[in-house]
Asker: 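Please see the structure below; I have some questions.
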Number of protein chains: 2
Amino acid sequence: MAAHKAQTTLSALKQAESRCNTRGTRLTEKRRQVLTGLLDSKKALSAYELTDYCRDHLGYQLPAMSVYRILEFLEGESLVHRLDLAKKYVACSHILCDHEHDLPQFLICKECYRVQEISIKRNLMQSLNRSVEEADFKLASQQLEFDCVCSDCYE
Amino acid sequence: MAAHKAQTTLSALKQAESRCNTRGTRLTEKRRQVLTGLLDSKKALSAYELTDYCRDHLGYQLPAMSVYRILEFLEGESLVHRLDLAKKYVACSHILCDHEHDLPQFLICKECYRVQEISIKRNLMQSLNRSVEEADFKLASQQLEFDCVCSDCYE
DNA sequence: ATCAAAAATGATACAACGTATCATTTAAGT
DNA sequence: ACTTAAATGATACGTTGTATCATTTTTGAT
Ligand SMILES: [Zn+2]
Ligand SMILES: [Zn+2]
Ligand SMILES: [Zn+2]
Ligand SMILES: [Zn+2]
């Protein structure tokens, strides 16, 4: 299993900047700061935790409304993923990769909110989809989220 | 696939009553009413929707706090499942079965909140658990919830 | 440089879900 | 009837998120 080289905050920011430039969008100062908060924390944070991050690390209170808008923007640029299950947001772990990644599945530690972005094998996803279809439902998205406990957190 | 005979509200209530008696707990009037609301609606409801149900169908306003406590009780009796993903609650579809059912997986229609309680095949769950373990995480529970669209709701 | 339009951010109010705490009512057991 | 425990009610608050309108900042053309 090809382990993914951890992305450093700095190089990820650089890559994020250039990706925005390419796409004709702007990675403004506040957007960069929110992304930095997510990258540095190495875990999923809520919008309100990000306002705290700004207050504590940057010395100003970024309004929650702005954080939500900024997260929405970053998600649109595929720099951040929104985790419905945890009601938190996490930096994409593939910012440094050029290629579009497949729809990811997220393993979310419910204790510490570390997040692992994995790609479930195609045939496993197929079986899952088949099971769902047998019940006359369809998965709303192939992007799945699983409530987990990470290795640091299980006793 | 052995189709599950749909449970009627009345017989489910009867069974719920006797299950509580057996376990030495009490299915009080309000608890019965909340369970009735869930059974009749045939879909997942939020706690607040259940207070509305009482106001509209029973003529009194059951406080949200009470609804939450009652739902907690009903969940403890395995009469109701709490759906984290949808932030709603649904009557167990196996109240009429005597046997303890396996940990279920829930397919939740994100449009209409119809819920299908399924049992994913053992080997599929094993593969899934293996995938998660490869990432050094563990599923927090084998009870999974999937965001879906039901057959009534897809265009 | 100036001005107008668009983009980004801020302020405020509110909605939905949920918990904590204490008071009151109801049922159970003696 | 009395005491105790269980169930319910009232109130306040916390967290996540949206709706709306105001203000600031950028951009682009003149
Ligand atoms: Zn990603
Ligand atoms: Zn953890
Ligand atoms: Zn069930
Ligand atoms: Zn539906």
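Just so you know, these numbers use all the heavy atoms, side chains as well, and skip hydrogens, waters and symmetry mates. The shown structure was predicted, so the numbers you read here are calculated from the model rather than taken from an experiment.
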Asker: A side-chain contact here means heavy atoms from C-beta on lying under 4.5 Å apart; do B:M125 and B:L144 qualify?
Answerer: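 Answer yes - side chains close enough.
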Asker: Among D:dT16, D:dT8, D:dA19, find the nucleotide with the atom closest to the side chain of A:M65.
Answerer: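 The answer is D:dA19, which lies nearest to the side chain.
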Asker: Closer to the 5' end of DNA chain C via nearest nucleotide, is it B:R26 or B:E49?
Answerer: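 Taking each residue's closest nucleotide, the earlier one in sequence belongs to B:E49.
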Asker: Find the bend of the helix from C:dA1-D:dT30 to C:dT30-D:dA1 as the angle between its two terminal axes (five pairs each), to the nearest 10°.
Answerer: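 Answer for the end axes of this duplex: 10°.
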Asker: For A:R82 and D:dG17, give me the distance from atom CZ to atom C1', rounded to whole Å.
Answerer: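 Value for this atom pair: 8 Å.
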Asker: Grab the CG-P distance between A:L62 and C:dA8 for me, whole Å please.
Answerer: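 Distance check: A:L62 CG to C:dA8 P gives 15 Å.
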Asker: Between D:dA10, D:dA7, D:dG17, spot the one nearest the side chain of A:Y48, thanks.
Answerer: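 Minimum distance to the A:Y48 side chain belongs to D:dG17.
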Asker: Could you check how far CD of B:E72 sits from C1' of C:dG18, rounded to whole Å?
Answerer: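 Distance check: B:E72 CD to C:dG18 C1' gives 11 Å.
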Asker: Can you measure B:L50 atom CG to C:dG18 atom P for me and round it to whole angstrom units?
Answerer: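 Rounded to the whole Å, the gap is 11 Å.
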Asker: Whole angstroms only, please: what is the OH-C1' distance between B:Y68 and C:dT21?
Answerer: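 It is 17 Å, rounded to the nearest whole Å.
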Asker: Mind checking if B:Y89 touches a base, just sugar-phosphate, or nothing, with heavy atoms under 4.0 Å?
Answerer: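 Sugar-phosphate: the residue B:Y89, judged by heavy atoms under 4.0 Å, touches backbone atoms but no base.
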Asker: Report yes if the side chains of A:C20 and A:F73 come closer than 4.5 Å at any heavy-atom pair, otherwise no.
Answerer: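 A side-chain contact under 4.5 Å exists here.
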Asker: Roughly how far, to the nearest 0.5 Å, is NZ of A:K121 from OG of B:S127?
Answerer: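 The OG atom of B:S127 sits 9.0 Å away from the NZ atom of A:K121.
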Asker: Give the rounded distance in Å between these two atoms: CG of A:L71 and P of D:dG17.
Answerer: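 After rounding, the gap between these two atoms is 9 Å.
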Asker: Please tell me if A:K30 has a side-chain N or O lying less than 4.0 Å from either OP1 or OP2 of C:dG10.
Answerer: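 True: A:K30 side-chain N/O within range (under 4.0 Å) of C:dG10 OP1/OP2.
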Asker: What heavy-atom pair brings A:I95 and A:A12 nearest, and what distance separates the two atoms?
Answerer: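 Closest approach of A:I95 to A:A12, heavy atoms only: CG2-O, 3.6 Å.
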Asker: Check the distance between C:dA16's P and B:D52's CG and give it to me in whole angstrom.
Answerer: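 From B:D52 CG to C:dA16 P: 9 Å.
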Asker: Just the rounded figure in Å: distance from P of D:dA10 to OH of B:Y60.
Answerer: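 These atoms are roughly 12 Å apart.
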Asker: If every non-hydrogen atom of B:E49 is compared with every non-hydrogen atom of B:A44, which pair is closest and at what distance?
Answerer: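 Minimum heavy-atom contact is OE1-O, 4.2 Å.
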Asker: Could you state the interatomic distance from CG (B:L79) to CZ (B:R31), rounded to the nearest 0.5 Å?
Answerer: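 One finds 11.0 Å between CG of B:L79 and CZ of B:R31.
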Asker: Using only heavy-atom distances, decide whether a donor-acceptor pair under 3.5 angstrom links the side-chain of A:R69 to the base of C:dG10.
Answerer: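 Flag set: donor-acceptor pair detected.
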Asker: As a test of reading the structure: which of C:dC17, D:dT16, C:dT9 is closest to the side chain of A:S66, going by heavy atoms?
Answerer: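 Per side-chain heavy atoms of A:S66, the pick is C:dT9.
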Asker: Which atom pair, heavy atoms only, marks the closest approach of B:V149 to B:C109?
Answerer: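 Reported closest heavy-atom pair: CA-SG, 4.0 Å.
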Asker: Would you please confirm or rule out a distance under 4.0 Å between OP1 or OP2 of D:dT15 and any side-chain N or O of A:K88?
Answerer: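 False: A:K88 side-chain N/O out of range (4.0 Å or more) of D:dT15 OP1/OP2.
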Asker: Does A:T28 have a side-chain nitrogen or oxygen under 4.0 Å from the phosphate oxygens OP1 or OP2 of C:dA8?
Answerer: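 Answer no for this pair, as no side-chain N or O of A:T28 is under 4.0 Å from OP1 or OP2.
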